[in-house]
Protein chains: 2
Amino acid sequence: MTTRQEQILDTAATLFAERGFHGVTVHDIGEACGISGPALYKHFSGKADLLRQSLVSISDRLLDEGTRRRDAADDASSALDALIDWHVDFALSHPALIVVQEREWSSLDAEARERVRRTQLAYIDVWVQVVRELRPELDRATARAAVQAAFGLLNSTPHSARLSAPAMRSLLARMARSALLG
Amino acid sequence: MTTRQEQILDTAATLFAERGFHGVTVHDIGEACGISGPALYKHFSGKADLLRQSLVSISDRLLDEGTRRRDAADDASSALDALIDWHVDFALSHPALIVVQEREWSSLDAEARERVRRTQLAYIDVWVQVVRELRPELDRATARAAVQAAFGLLNSTPHSARLSAPAMRSLLARMARSALLG
DNA sequence: CACTGAGGTTAATGACTGTTAACCTCGCGG
DNA sequence: CCGCGAGGTTAACAGTCATTAACCTCAGTG
């Protein structure tokens with residue numbers, strides 16, 4: 001069962017992804033949930049709170065599960081596969097969340113932005129360690145840029161998406177692997 | 001010499017890229033240009049006009065120069081190189097423009113949105129033809145998804161960018177080629 | 001049964017924003 | 001020297017938005 005709070009957070013994330021944080025009104029969010037504007041304040045402290053909770057939970061989830069899968073892998077090569085699979089799965093099943101965490105962090109207040117940025121950097125670092133084990137000739141900065149480019153590739157799903165999910169999954173995974181390993 | 005109009009368009013695009021169309025006020029744009037809010041209306045018909053002109057000019061420029069370079073190439077392989085070089089050059093020298101054309105088309109009115117969308121699709125198609133010549137086993141839809149994934153990779157520049165421009169250029173170009181050619 | 005707190009409602013409020021109006025200034029062609 | 005248009009200015013306006021206030025309903029409990 002999904003609670004009203006979860007429903008509101010999901011709905012808000014979807015709308016933020018479509019039209020941007022400032023392009024969505026609390027009335028829009030309420031309406032999409034079947035309640036009306038000010039009712040949101042029974043569950044959240046304000047519109048900014050919706051974005052904050054979305055972004056914190058998304059970035060935590062990416063980092064936690066990413067770390068878990070890397071640690072469970074036997075070697076660097078299968079760790080990379082596991083990371084790619086995880087990220088592409090997440091992007092395909094939650095396109096709105098991927099879009100929001102990619103774009104809307106600049107609408108956060110300073111404190112939350114710092115918190116989210118740190119988590120995102122830690123997630124990038126999980127990837128960077130694996131990539132540098134496979135390609136020791138890359139320095140830290142280059143590896144980081146390469147990983148962020150791979151994210152751009154994997155996160156392109158929401159903007160194209162005319163393929164079946166399995167086809168998209170395998171296309172993106174293959175492309176990401178080629179891009180990162182040369 | 002850059003005219004006042006060009007200065008305003010550039011400034012607006014940069015702010016739109018940073019905070020999104022709805023997150024920027026006409027006062028912000030004017031202030032960043034050294035004039036004040038309503039003065040913009042001496043040069044443009046309104047805030048929406050700024051976004052429209054930015055997006056139309058960006059998408060036209062990508063398509064025109066992309067077509068030119070592909071047509072000037074001897075074979076498919078060098079055509080792909082030329083397209084990659086062009087796109088990565090553009091993304092590196094105009095990060096704000098790339099971000100705006102990627103994100104803010106949804107803030108356009110229906111007519112302009114349709115116009116820009118068509119141009120973007122034509123640009124994608126230029127790439128798709130080249131890619132399918134090099135990888136005839138790909139169907140149209142798969143090739144299109146692959147090209148959009150490559151755009152995501154190349155357009156990641158504005159979000160990472162801790163490398164020198166030449167290093168970034170060659171990193172992204174190599175990654176895009178590997179991703180597209182497997 | 002009384003009552004209370006959770007979760008709604010609509011109306012009001014104050015801040016902000018895009019746009020327009022009214023006015024100023026000054027370089028320049030006749 | 002005069003007029004005027006280009007490109008500024010500030011003030012005013014109407015609309016929208018986030019947030020708060022005041023009020024309603026009702027399931028569940030002492």
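Scope of the values below: all heavy atoms of this structure, side chains included, with no hydrogens, waters or symmetry mates. Numbers restart at 1 for each chain; the letters A, B, ... are given by sequence-line order, proteins then strands. It should be emphasised that the depicted structure is a prediction, and the values quoted were computed from it without experimental measurement.
Applying the side chain to side chain donor-acceptor pair (under 3.5 Å) definition to pairs two or more places apart or across chains, those involving residues 151-163 of chain B are B:His87-B:Asn155.
Electrostatic pairing of A:Glu65 and A:Arg61 does not count as a salt bridge here, judged by no charged N lying under 4.0 Å from a carboxylate O.
The distance from atom NZ of B:Lys42 to atom P of C:dC24 is 14 Å, rounded to the nearest whole Å. Between B:His27 atom NE2 and C:dT20 atom C1' the separation is 17 Å, expressed in whole Å. Per the geometry, CD belonging to A:Glu31 stands 15 Å off C1' belonging to C:dT10, to the nearest Å. When rounded to the nearest whole Å, the span between CZ of B:Phe44 and P of C:dT20 equals 16 Å. Counting to the nearest Å, the C1' atom of C:dA6 and the OH atom of A:Tyr41 are 19 Å from each other. Regarding A:Ile8, its CD1 atom lies at a distance of 13 Å from the C1' atom of C:dA6, rounded to whole Å. With rounding to whole Å, B:Leu40 atom CG is found 17 Å from C:dA21 atom C1'. Put simply, NE2 on A:His43 is 13 Å from C1' on C:dG5, counting in whole angstrom units.
Under 3.5 Å, the side chains of A:Arg4 and A:Gln7 contain a donor-acceptor pair of N or O atoms.
Nucleic acid contact for A:Gly46: sugar-phosphate only, since backbone atoms but no base atoms lie under 4.0 Å from a heavy atom of the residue. Among the heavy atoms of the strands lying under 4.0 Å from B:Lys47 are primed sugar atoms or P, OP1, OP2 only; no base atom is included.
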Side chain to side chain contact (heavy atoms under 4.5 Å, CB included) for B:Val131 and B:Leu181? Distances and angles first, verdict last. CA-CA 8 Å; B:Val131 166; B:Leu181 299 182; over 6 Å; no

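One N or O on the side chain of B:Arg132 and one on the backbone of B:Leu138 form a donor-acceptor pair closer than 3.5 Å. Side chain of B:Arg113 to backbone of B:Leu108: a donor-acceptor contact under 3.5 angstrom is found.
When each of A:Asp28, A:Thr25, A:Thr14 is tested with A:Arg19 by the rule side-chain hydrogen bond (donor to acceptor under 3.5 Å, both in side chains), just one qualifies, namely A:Asp28.
Nearer the 5' end of DNA chain D, as judged by each residue's closest nucleotide, is the contact made by B:Arg4, out of A:Val24 and B:Arg4.
Of all nucleotides in DNA chain D, those with any atom nearer than 4.0 Å to a heavy atom of chain B start and finish, going 5' to 3', at D:dG7 to D:dA11.
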